[in-house]
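Read through the structure below, which is laid out as structure tokens, and then see the notes.
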Amino acid sequence: MIRLYIGGAYQGQEALARRENPESETFPDFHETIRRAVLSQGQEARDFARRFCAEHPDAVVIADEVGAGVVPVDARDRAFREAVGRALCVVAQEAGQVTRCVCGIGVRIK
């Protein structure tokens, strides 16, 4: 079962994920993995996420929420935010558990 932990930068989602899943394969900073796959390698965000989920069915995915706040002026930064949002929607749909972390406190949303 995939478990997704999301939250704003420095909100404690990685520490929470590792505490709750000490023996599991974790993928921290998944938003940066998406950046590399989509912006550097030209993969489509949703296709990348579907392939990832199929290849890692028991993964613990840890990502920052990057879509809040002021919309970036730079087109590449906007593309990054959109790619992360699209990819994480797929991961959340495939996940058996989704936890949002705020101030180190996890709230299960799925």
Side-chain angles (χ1 to χ4, degrees):
M1 165 182 74
I2 294 173
R3 286 149 290 181
L4 173 62
Y5 289 79
I6 58 169
Y10 311 107
Q11 289 298 306
Q13 58 268 31
E14 184 172 353
L16 178 65
R18 291 185 185 280
R19 191 168 53 250
E20 291 184 351
N21 307 280
E23 302 298 320
S24 297
E25 180 179 26
T26 59
F27 293 86
D29 298 322
F30 196 68
H31 55 287
E32 293 298 335
T33 302
I34 296 166
R35 180 194 303 268
R36 287 187 298 277
V38 174
L39 299 183
S40 299
Q41 300 169 6
Q43 298 181 49
E44 198 280 324
R46 287 176 285 240
D47 291 341
F48 166 75
R50 285 185 199 102
R51 202 167 34 260
F52 174 86
C53 290
E55 293 172 2
H56 304 279
D58 295 316
V60 174
V61 178
I62 305 161
D64 286 358
E65 294 175 324
V66 299
V70 177
V71 176
V73 173
D74 183 71
R76 196 159 166 84
D77 290 340
R78 286 194 309 273
F80 164 64
R81 286 169 46 135
E82 291 173 17
V84 170
R86 289 185 178 116
L88 289 179
C89 282
V90 170
V91 174
Q93 289 170 354
E94 296 292 324
Q97 172 188 310
V98 178
T99 302
R100 183 161 192 269
C101 190
V102 178
C103 298
I105 300 169
V107 178
R108 294 272 190 306
I109 56 178
K110 177 180 179 186

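These numbers come from the heavy atoms of this one structure, side chains and all, not from hydrogens, waters or symmetry mates. Index from 1, following the sequence. Note that the structure is predicted; figures quoted are calculated from it, not measured.
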Checklist entry - Parallel, tilted or perpendicular: which fits the ring planes of Phe27 and Phe52, with parallel below 30° and perpendicular above 60°? => result perpendicular
Checklist outcome for this item: On a heavy-atom basis, the closest approach of Ala45 and Ala83 is CB-O, 3.5 Å
Next on the checklist: As a quick check of understanding, evaluate salt bridge (Lys or Arg N to Asp or Glu O under 4.0 Å) for Arg36 and Glu32, giving each step before the final call.
Outcome noted: CA-CA 6 Å; Arg36 287 187 298 277; Glu32 293 298 335; 5.1 Å; no
Checklist entry - Which atoms form the tightest heavy-atom contact between Ala95 and Lys110, and what is the distance? => result O-NZ, 2.7 Å
Checklist entry - Is there a path of hydrophobic side-chain contacts, each under 4.5 Å between heavy atoms of I, L, V, M, F, W or Y residues, that connects Ile6 with Phe30? => result yes
Next on the checklist: If you define the side chain from C-beta out and look only at heavy atoms, does anything of Pro28 sit under 4.5 Å from Arg18?
Outcome noted: yes
Next on the checklist: What verdict does the side-chain contact (heavy atoms from CB on, under 4.5 Å) test give for Asp58 and Ser24, after you've listed the backbone C-alpha separation in whole Å, the side-chain angles of each residue and the deciding distance to 0.1 Å?
Outcome noted: CA-CA 8 Å; Asp58 295 316; Ser24 297; over 6 Å; no
Item to check | Residue pair Gln11 / Gln13, side-chain donor-acceptor N/O under 3.5 Å | outcome: no
Next on the checklist: Assess the residue pair Glu82 and Arg86 against the criterion (salt bridge (Lys or Arg N to Asp or Glu O under 4.0 Å)); give the C-alpha distance rounded to whole Å, side-chain angles, the decisive distance to 0.1 Å, and a yes or no.
Outcome noted: CA-CA 6 Å; Glu82 291 173 17; Arg86 289 185 178 116; 3.7 Å; yes
Next on the checklist: Could you check whether any side-chain heavy atom of Val107 comes within less than 4.5 Å of a side-chain heavy atom of Val102, counting everything from C-beta outward?
Outcome noted: no
Checklist entry - Mind checking whether Val90 and Phe48 have side chains closer than 4.5 Å, heavy atoms only? => result no
Next on the checklist: Quick check: closest heavy atoms across His31 and Val84, and the distance to 0.1 Å?
Outcome noted: O-CG2, 3.9 Å
Checklist entry - To the nearest 0.5 Å, how far apart are CD in Glu14 and OG1 in Thr26? => result 6.5 Å
Checklist entry - Among Val60, Val91, Val98, whose side chain to side chain contact (heavy atoms under 4.5 Å, CB included) with Ile2 holds? => result Val91
Item to check | Non-hydrogen atoms of Glu44 and Arg46 that approach each other most closely | outcome: OE1-N, 2.9 Å
Next on the checklist: Between Asp74 and Arg76 (side chain of the first, backbone of the second, donor and acceptor by atom type, cut-off under 3.5 Å), is there such a pair?
Outcome noted: yes
Item to check | Closest non-hydrogen atom pair between Val70 and Arg81, with its separation | outcome: O-NH1, 3.1 Å
Item to check | Transitive ILVMFWY side-chain link Val38 to Ile62, under 4.5 Å | outcome: no
Checklist entry - Can you name the nearest heavy-atom pair linking Cys101 to Gly12, along with the distance? => result SG-C, 3.6 Å
Next on the checklist: Can you list everything that forms a side-chain contact (heavy atoms from CB on, under 4.5 Å) with Arg108? Sequence neighbours excluded, please.
Outcome noted: Tyr5, Glu20, Gln97, Thr99
Next on the checklist: I need the Ile34 CD1 to Gln43 CD distance, nearest 0.5 Å.
Outcome noted: 11.0 Å
